[in-house]
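What follows is a set of notes on a single structure, which appears directly below.
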Amino acid sequence: MKRNRRTLFRKFFLNLSAFLGFFILFVFIVVAIFAPFIAPPKPNKNPYLMPIVTWNGNPEAPSPEHRFGIAGKRDIFYGVIWGTRTAFQVGIIVTFVSTFIGLVVGSIAGYFGKLFDEILMRVTDVFLAIPFLVAAMVFTTILGTGLDKVMIAMTVFSWMYPARLIRGNILQVKEEQYITAARSLGVSHFFIILRHVLPNSIFPVLIQASMRMGSLVITAASLNFLGIGAPQGYADWGALLNYSRNWMLGGNGEALKYWYMTVFPGTAMVLFVLSWNLVGDALRDFFDPRLRI
Amino acid sequence: MIFYIIRRFLFLPIILLGISLIIFVLFSRLSEYQRLATYINNPERLKSTDLDKLIELYGLRDPAIIQYGRWLKNVFSGNLGWSYVGKEPVYNAILRRFPFSVELTIFSVIPIILLGTWFGVLSAIHHNRPLDHTLRIFSVVGWSFPDFVFGLFILMIFYSSLNWFPPGNLSIWASDILKTSLFRSYTGMLTIDSLLNRRLDIFFDALRHLIGPVITLTYVELAFILRITRSSMLEVLQKDYIRTARAKGLSEKVVINKHAKRNAMIPVATVSGQTVLGLLSGTVIVETIFNRTGLGSFMALAAQQLDYASIMGGTLFFGFILIIGNLIVDVSYAVIDPRVRLE
Amino acid sequence: MNKPSLLLDVKDLRVFFYNDNKEELHAVDGVTFQVYCGETVALVGESGCGKSVTSLALLRLIDSNGRITGGEITFAGINLLHLSKKQMQGIRGKDISMIFQEPSTALNPVFTIGDQIMETIILHQHVNQKEARDIAEGMLKIAGIPDPGKRLLEYPHELSGGMKQRAMIAMALSCRPKLLIADEPTTSLDVTIQAQILELIRDLQQKLNMAVILITHDLGIVADMANRIIVMYAGKIVEEGNRQDIFKDPSHPYTIGLLRSIPRLDIHQEKLSSIPGMVPDPVHFPSGCRFRNRCPLADPLCQQEPSSALISDHHFVYCHHWKRKAELQAESFTNE
């Protein structure tokens, strides 16, 4: 019964990875919601700005007071906790808005077809021709600092993916025989799209969105890591890691002493992205068995 | 197929024009004073009180369409403005740094394709067995690693503690030799130039500096190729012609390596363009972390210091390279998949 | 006429598959038959009856979710199930070859016809590239492909369906196998091409003196090609006999139903017959005779496994009630 064991193992593994994804995500959601209790901000201060806790520029190792240590004069623990909110904010808002824009553009291109389609798809090509990180970087530098600017920049350069998906689905459905049949019965084209395409596209769009979430959060953190996005001291994992960079480069052979500067925000970042990727995989396995691999 | 390639070639200038338009629109959001800086190669001149005169001189208050035309003309004549970060014309700054990024990309794309396809095939052959699961965990973790986080880990362990892979492009002694007239530059890529100059010591030094960034980029970008290879291999292994190959008496090794792999590689080739795209934008982060000179770190530096001329020029250049790259990938399908040649 | 020698002896072959719910599927369940040198044996039955699985089992090419769980396959005196993987690879394509239903998917799209044929020849005949090319070209010519030198350099998609199947046949026969397994070789082809391909197989069979196992559900082809016929139902053999035996004196109710379901020009029929009911789900085959839930003659006795009954020389039937076959009226098999 070797075969049976294998099937069991596979199911267990699939469930395990899906469970792990949802579990980690759940933990992050809890942390984000209860951030004010886990790491209370100073009263009357913007909680998203990490308060300065010391005037000594050197990093400090974890201590009972500062559980994850201090980097760039700021408490790493505070940054990691509030950085969770930043990550959710960026990921959800950008995904939501860009998916909506993509839905509209993709539907127009797919529904009207012909010249509309051609023009919109060329526009999509143009936006896809610039690497996402570079595009976001350029746009942010021109808009100026601020997390909102980062989010605008990322939205402008990420609506193309859902747009292509929706357009593809609409074109495919248009070819189906039952659509031809419905049309010959006089059902309006618009109604057909509404009735058949959108329900079929919801899950692919959802799956794609959850898969994109990880890369969006990475890109936003990259900008903050480079010091281009959020203002100084903004609670963000990328910004926290930025403090550690110089100590990793110039640690005089002692960078390991400053491990906490990299390990805590880095781990938070990896786990966050990992959870979205696992959730995306699980959604795909569940809703789209054709893609099950 | 030929029709398709011609079509792609015809769209090339349109897309390039589109990119330039996006960049110009972004650019025109800046104030005249900020835009003026991109024309001035001596910062001292910006201190003069007559900035408005200069703005007038460069026509920065002309209607947008005229400015766009003028800018395009400049771009075509290779004049991308003055780079404040590079302290030289943007055009020169880009061309001088680009080979370093190309070198890093080439050195990364080789292990990515080789390991990615190898692991992907292994994963497919051992479908749903422990090796498959191990490789999938390995790849999903790599996929979830932001390149700057992994890069920092590599630096922390392999540079700061073990001192194996130092940051930068070259050791000081080697870059001193590079500055002398004894060393001739052919391609701008250090590994190739050092070999052409018969300086094996410099070659190995350059290689040593490449290892850290290459490991980082490889691990982070590997997952994509691995996944595509795995799923495409799983699909191919179900095909009738694989059964035919087995029925012929071919060994499993030949069935996999010859009959299955060649077919499974077709979708992999399709996405290799995207991988190069990912790698090129990856250089922005990785070069910054490892303190390397290159187009990526140049862009990051320009963005940090609001050097608009360099940002514009660099973006245009990136877009251009990516479009050409994708075109090459499209044409290369035809080589792998004989069915495409006819269409 | 001296009796031809035994080539293949399959005894009590069992192939089980396992589905995702860990259920056992008894795809082939105790199949026994023989193939003699130079003859054509047809394996007949509805899709899913286990005929293709049987043929793949002969080459030990069962998919990874299935296993040969019992029996013996003796080919030219060797039990194939005892061979190592490597020894088995030496048999495949050399002594036993196979051609498949769908020539357009059975040929690898990214290699030329020549590559694919020469590969087999080089593998089994230990010749160099040049000699292999000559043999391949000769085989294409024998298989009736015009301008074989040029075709060698072409890719499968450049050939028509019939040409592809000819190329498949050339490939399968390039090492002069003693046994050719043809799994629905003409199903996907046009009717006119079908006849040509069958003619080609028969022609080459005589030239090379090989045995052919022809797997088909098309009784017209069987009547045309087969010396002997094996009728399978739900993983078991229900009847076996010479062509005349089966067509003139079918004895299993299933065989009778099958034959009644072909339209005939020589007999006046009001309606075409068909066998009522469906092939049972392979996970839940009925105990005893597997045909009993569709059989007009079924009674409680059928819950016991029928043993083989010898009707005449070489004509077996696995049915408790074969003697009552006269009771089967045309109406018994007509759908209401």
Side-chain angles (χ1 to χ4, degrees), chain A residues 6-7 9-10 13 17 122-123 125-127 129-135 137-143 214 217-218 221-223 225-228 237-238 241 244-245 247-256 258-259 262-263 265-267 269-278 281 291 293, chain B residues 11 14-16 18-19 21-23 26-27 29-30 128-130 133 136-137 140-141 143-150 152-153 155-157 159-161 163 167 227 230-231 234 277-278 280-282 284-285 288-291 299-300 302-304 306 308 311-312 314-315 318-319 322-323 326:
Chain A
R6 205 192 297 173
T7 322
F9 191 50
R10 189 190 77 194
F13 176 79
S17 64
R122 281 328 115 217
V123 173
D125 281 351
V126 169
F127 276 83
I130 311 174
F132 184 50
L133 177 66
V134 174
M137 209 164 82
V138 174
F139 208 51
T140 314
T141 50
I142 286 176
L143 293 175
V217 172
I218 290 180
S222 300
L223 293 180
F225 174 75
L226 293 173
I228 301 168
W237 298 328
L241 285 163
S244 82
R245 193 190 144 226
W247 297 95
M248 293 301 131
L249 270 175
N252 295 330
E254 300 206 307
L256 265 188
Y258 307 116
W259 60 273
T262 309
V263 168
T267 308
M269 181 99 234
V270 173
L271 286 180
F272 189 83
V273 178
L274 181 68
S275 70
W276 280 108
N277 286 341
L278 291 179
D281 272 357
L291 292 171
I293 45 173
Chain B
F11 278 126
I14 297 177
I15 291 179
L16 275 178
I19 296 176
L21 200 63
I22 293 182
I23 293 173
L26 290 177
F27 195 37
R29 282 190 49 96
L30 299 170
N128 283 333
R129 275 178 291 187
H133 294 309
R136 290 182 80 183
I137 294 169
V140 79
V141 170
W143 192 27
S144 306
F145 249 113
D147 33 17
F148 58 97
V149 175
F150 196 73
L152 285 174
F153 284 165
L155 265 185
M156 186 169 82
I157 296 165
Y159 167 55
S160 273
S161 308
N163 203 14
R227 287 183 156 226
R230 178 175 179 275
S231 62
L234 282 176
L277 189 150
L280 268 177
S281 34
V284 173
I285 297 289
T288 303
I289 288 191
F290 287 91
N291 239 359
M299 288 292 286
Q304 282 161 2
L306 302 183
Y308 295 111
I311 299 172
M312 302 292 150
T315 313
F318 257 119
L322 288 185
I323 294 172
N326 275 330

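Computed from a prediction, not measured in an experiment: that's the story for all the values here. Here is the naming used below: chain letters follow the sequence lines, and residue numbers restart at 1 for every chain.
- The heavy-atom pair separating A:Asn277 from B:Ser144 by the smallest distance is ND2-OG, 3.0 Å.
- In plain terms, the two heavy atoms of A:Ala221 and B:Phe148 that are nearest each other are CB-CZ, 3.7 Å.
- Using a 4.0 Å cut-off between charged side-chain N and carboxylate O, B:Arg136 and A:Asp281 make no salt bridge.
- The two residues A:Val270 and B:Pro146 make their nearest non-hydrogen contact at CG2-CD, 4.0 Å.
- Of the listed residues (B:Leu280, B:Val140, B:Ile23, B:Thr288), the greatest number of heavy-atom pairs within a distance under 4.5 Å of chain A belongs to B:Thr288.
- In this structure, the portions of A:Val263 lying under 4.5 Å from any heavy atom of chain B include both its backbone and its side chain.
- Contact detail for B:Met156 and A:Trp259: the closest heavy-atom pair is SD-CA, 3.7 Å.
- Across A:Leu226, A:Leu133, A:Ile228, the residue that shares the most heavy-atom pairs under 4.5 angstrom with chain B is A:Leu226.
- For B:Leu152, the parts lying near chain A are the backbone and the side chain together; criterion is any non-hydrogen pair under 4.5 Å.
- Remark: B:Asp147 CG to A:Phe225 CZ distance equals 9.0 Å, nearest 0.5 Å.
- Rounded to the nearest 0.5 angstrom, A:Ile130 CD1 and B:Ile15 CD1 are separated by 11.0 Å.
- Nearest approach of B:Phe153 to A:Thr262, heavy atoms of both residues: CE2-CG2, 3.1 Å.
- Between chain B and the residues A:Gly227, A:Gly266, A:Ser222, the most heavy-atom pairs under 4.5 angstrom are made by A:Ser222.
- Closest approach of B:Ala303 and A:Met137 over heavy atoms only: CB-CG, 3.9 Å.
- Of all the listed residues (A:Leu271, A:Thr267, A:Leu274), the one sharing the greatest number of non-hydrogen pairs under 4.5 Å with chain B is A:Leu274.
- Contact count against chain B (heavy-atom pairs under 4.5 Å) is highest for A:Ile142 among A:Leu143, A:Thr140, A:Ile142.
- Residues passing the ring pair (Phe, Tyr, Trp, His ring centres under 6.0 Å) test with B:Phe318: none are found, sequence neighbours excluded.
- Neither the backbone nor the side chain of A:Leu223 comes within less than 4.5 Å of any heavy atom of chain B.
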